[in-house]
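Below is one structure, written out as structure tokens; comments come after it.
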Number of protein chains: 2
Amino acid sequence: MSISRRAFLSQTGKVAAAYPAMLALGMLQKAPAHAFDLPGNGNGKRIVILGAGLAGLTAAYELTKLGYQCTILEARNRAGGRCWSIRKGTVHQETDIAPQTATFDSDQYFNAGPSRIPHHHELTMHYCRELGVPIQVYNNVNEATYFFSEGKGPLSNKKIRAREIHNDLRGYTSELLAKAIDQQQIDTALSKEDTQKILEYLRAEGGLDIDKLYKASDRRGFIEAPGAGDKPGKIGDPHRLADIISSGLADPDFYNVAEYTYELQMTMFQAIGGMDNIARAFEQRVGKMIRFGCEVTDILNQPEGVKVIYKDKKGSNELQADLCICTLPLPVLSNIQHNFSSDVSRAIDYVPYMITGKIGLQFKRRFWEEDEQIFGGITHTNNELTQIFYPSYDYLSKKGILLGYYNFHEKAKRVGNLTHTEREKLALEKGSLIHPQYRKEFETSFSVSWHKTPYSMGGWALYTGATRQTNYKSLLQPDKQVYFAGEHTTYLNAWMAGAFESARRTVADIHARVTDQRITYPTATGS
Amino acid sequence: MSISRRAFLSQTGKVAAAYPAMLALGMLQKAPAHAFDLPGNGNGKRIVILGAGLAGLTAAYELTKLGYQCTILEARNRAGGRCWSIRKGTVHQETDIAPQTATFDSDQYFNAGPSRIPHHHELTMHYCRELGVPIQVYNNVNEATYFFSEGKGPLSNKKIRAREIHNDLRGYTSELLAKAIDQQQIDTALSKEDTQKILEYLRAEGGLDIDKLYKASDRRGFIEAPGAGDKPGKIGDPHRLADIISSGLADPDFYNVAEYTYELQMTMFQAIGGMDNIARAFEQRVGKMIRFGCEVTDILNQPEGVKVIYKDKKGSNELQADLCICTLPLPVLSNIQHNFSSDVSRAIDYVPYMITGKIGLQFKRRFWEEDEQIFGGITHTNNELTQIFYPSYDYLSKKGILLGYYNFHEKAKRVGNLTHTEREKLALEKGSLIHPQYRKEFETSFSVSWHKTPYSMGGWALYTGATRQTNYKSLLQPDKQVYFAGEHTTYLNAWMAGAFESARRTVADIHARVTDQRITYPTATGS
């Protein structure tokens, strides 16, 4: 490695001063959001990449295009990291319970890790396009799914379509506001004409009647569907506002997380056939660079270059490289020997990761579609399940896998402490309260608790305002020859886009250092 | 035909009296929503069906199962009626302008008629399942699409993401209501505890800050997207409420029709490869019964049976049958000779049909996806276009067809009065205001005005409360040997489900008459 960090920083400073002139001369790269055609060549510089998750795969893919020589060390016997789809034969060993093997039918799967692509995650969409991974809509928003509040209150302990609660709450709150405006009880700071328009808007928004009262609306569905002949359909009465509230259905468990959050707004996507097809597509390009079953034990910056010690079946080995990209999740890295700075070391040890888990339940029959007209989407509960996800693929087919729960924090911790059998029992018991068909139609399950999954040890990095200013920033600069990448080095935590963005950022940084030029990694455009 | 109407009615009365006893004896059919296993056999009774649209095809399909002998007379040289997908080579001749032939690429299409299946239209889903028509999500709700208000006001004449207006309006109205409740300016009729909960709900619903003020929210998107490293993302300021209103963006043109209406709530579907694959699937089963190019000129009830006179290439012909199912749209039927009762005759002549049109625009490049991250969904405008639909299939592929407009009533009438070339010009000019890429990327178009399309002459039947009580009811009973079916005999106007429900209802009626039993056509279950 010919460029020391000191020299690099010094060079960068010089180039920075010359930046406007170089931009004018066309000497600088200002790439559009998708393009990544960096100038110059890595000339075979050796890069060791730790982890064959999406960040590591992407780094290897882009670095190889630029003329680098990459080696990926991967502890598991598969690529993809948390981008992992569970299929027949998948084996999973958590830290303290017996291993399980998936016994799903061969055409069934579920995504244990990322299962959704926001349409505005440009790099995720870009790599699907570039690598030819076909995508389909992930049906995140579905008004036909249920709210199920376990507890007290007249509307608890029964399933209620999301559309009923959504439209009732919208109706009552619009009515309250329209009344307040109408009776000039509040100052809207609007002109008389605009006030009239906002009243009309509220009437439409809330589905209010001509007197601006919320009574009933077909938006909340029918008790008897409209049909042919003398069947106009029959609309039910709205739930009482006080009942909705006292039954917990206006509580945070049921806030519109599934549709309002920027990342969860429609349109969302998934890779057809399993999200790990994205990892597989990368693996097709860079698979030869991956050494599987290699568990890193030491990462050591040398005066020049870096030494990585790892264990494989045969024993301990070491690998020398000019530079290293470490994509290992922080809780994993925390158990690896290193000679990083104290700031980096502190970040590695201090940043918590999400406790989270999922269970896939295969059923003989897609009763949620056949009996209940639920095609994709999420049922929300306030119990341990938190949510039930219906599959957004193979609609109208025979069998299917539901996500029986996808939970977080304390709930995920409690469930994670159970054995696979106990988790299945819990998912079936609680799920049967919503779908009694569970009992008759259930076939087999597979559960993953990410915080107990070796080589992941958590869902994703959880930063606070404070740790963003300290620990996070420590990970953004290379520690001598070691660069950090992965969703934990981004503001896109938990998302595949974080892996992609961080890989590109790191590749740009390394390439700038090696080729001694200033490269500005582009900011993705907003909406 | 052995059973006169009088005898039939008399029989029905007798059976009705015995209904409870027969139900107890298992002699009666009480079918679940999907099942349609009627007892008894039609024993080759001859049924002539007018129109090979979805209602006619379904009637033939179900009657054939029951042992009837069906003939379908179809004026066009294709089946499907309004369920029509435009592909390369499709020829279309409207009443008063030159014919056009579609010059789309062979892998491109758009649905000129129905393009969406609500998840709760059980019969539509049922026939897709039974006939093996694969479906995919029709991405009707997409927060990334635009609102474009032509007119005055600071936010007009520019495209604004739906998510910005949705969340700003939600934010401001939640803030107003929270303030009013907080300051006890209105009586919510809620307990103190519940009032606190509704305030928390409003804070979440509106994305309000800790002081219950609406300031900015990432729900409305980013000016700079969050990314790796030092890119937390940058949120823009909300639009001012007064600006939204004065720019027309709270007007009815932009009400949440696309997501609140029961029929338009997610999940929605479409047949993969074109909605007419549903018609094709029926045609595979009953195609041999269809006589194409046969334009009905007379429908005449006889003392027994019915006589239909029709023209084909060779001249005038007649067909005798025991019973007739007439599925022709009323404006078409209005120009056919018949000897129906004056009530039926009046219904045929008086019920108006929707004036509506669509244009498909093929582009070289899916710029809406590549440049603007719009994958499916609908952009709303207040100009002649009314809306632009982005394709919900073949995401990430090279080319695509946009629906350049889909308009109704007066707007559709004005556009319908233009030639195909003029319509294309209008769609491109107005569309370019939203997507300047139109000019460079446009290739070819195809437009359909349904009210000027022979053998349809309108989009769908438009009933009022008054005509439901008069004209509509006249069409629900057979006029002697002639039964009426089609979406105009249902409360599911404009939807394919109307065709299916009406066909089944008519088949049940006919079968009851022929087999002299009481058959209750099931009411579809509500949600």
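Quick note on labels: first sequence line is chain A, next is B, and so on, each numbered from 1.
The contact between A/Y472 and chain B is made entirely by side chain atoms (from C-beta outward), counting heavy-atom distances below 4.5 Å. Using a 4.5 Å cut-off between heavy atoms, A/D187 contacts chain B through its backbone alone, with no side-chain atom that close. When heavy atoms are compared at a cutoff of 4.5 Å, B/N167 approaches chain A solely by way of its side chain, counted from C-beta outward. For B/R219, the parts sitting under 4.5 Å from any heavy atom of chain A are the backbone and the side chain alike. In this structure, the portions of A/M125 lying under 4.5 Å from any heavy atom of chain B include both its backbone and its side chain. For B/S502, the parts sitting under 4.5 Å from any heavy atom of chain A are the backbone and the side chain alike. Heavy atoms closer than 4.5 Å to chain B are found nowhere in A/L475, neither backbone nor side chain. Interface residue B/L190: only side-chain heavy atoms are found under 4.5 Å from chain A. Only the side chain of A/L476 comes within contact range of chain B, with heavy atoms under 4.5 Å apart. Proximity to chain B is absent for every atom of A/Y393, based on heavy atoms less than 4.5 angstrom apart. In this structure, chain B has heavy atoms under 4.5 Å from both the backbone and the side chain of A/N142.
In this structure, a donor-acceptor pair under 3.5 Å is present between the side chains of A/Y260 and B/R170. Using a 3.5 Å distance cut-off with no hydrogens or angles, the side chains of A/K473 and A/Q469 do pair a donor with an acceptor. Side-chain polar atoms of A/R220 and B/Y262 form no donor-acceptor pair below 3.5 angstrom. In this model, no donor atom of one side chain and acceptor atom of the other lie less than 3.5 Å apart for B/H126 and B/E122. Under the 3.5 Å distance criterion, with hydrogens and angles disregarded, a donor-acceptor pair is assigned to the side chains of B/Q270 and B/Q136. No side-chain donor-acceptor contact under 3.5 Å links B/Q477 and B/Y483.
For the options A/I186, A/T188, A/T489, A/V141, heavy-atom pairs under 4.5 Å to chain B are most numerous at A/I186. Of the residues considered (B/D251, B/L202, B/L169), B/L169 shows the highest number of contacts with chain A, using heavy-atom pairs under 4.5 Å. No other option in A/A250, A/G132, A/G233, A/G227 has as many heavy-atom pairs under 4.5 Å with chain B as A/G227. With chain B as the partner, the residue from A/Y172, A/F484, A/Y395, A/W495 showing the most heavy-atom pairs under 4.5 Å is A/Y395. Interface summary for chain B: among A/H121, A/Q185, A/E175, the most heavy-atom pairs under 4.5 angstrom belong to A/Q185. For the set A/K197, A/Q265, A/E263, A/E193, the entry with the most heavy-atom pairs within less than 4.5 Å of chain B is A/Q265. Among B/G377, B/S246, B/G229, the residue making the largest number of heavy-atom pairs under 4.5 Å with chain A is B/G229. Contact count versus chain B (heavy atoms, under 4.5 Å) is highest, among A/I374, A/D194, A/D230, A/D218, for A/D194. Counting heavy-atom pairs under 4.5 Å between each of B/K179, B/E143, B/Q183 and chain A puts B/E143 at the top.
Between the side chain of B/T490 and the main chain of B/L492, a donor-acceptor pair closer than 3.5 Å is present.
Between B/F269 and A/F375, the ring centre distance stays below 6.0 Å.
Remark: B/R468 is positioned above the aromatic ring of B/Y491, its terminal NZ or CZ atom under 6.0 angstrom from the ring centre and at most 45 degrees off the axis. With a 6.0 Å cutoff to the six-membered ring centre and a 45° limit on the axis angle, B/R505 does not count as a cation-pi contact of B/F500.
Within the 4.5 Å cutoff, the side chain of B/E372 has heavy atoms near those of the B/R161 side chain.
Scanning for side-chain hydrogen bond (donor to acceptor under 3.5 Å, both in side chains) contacts around B/T173 gives an empty result, with sequence neighbours left out.
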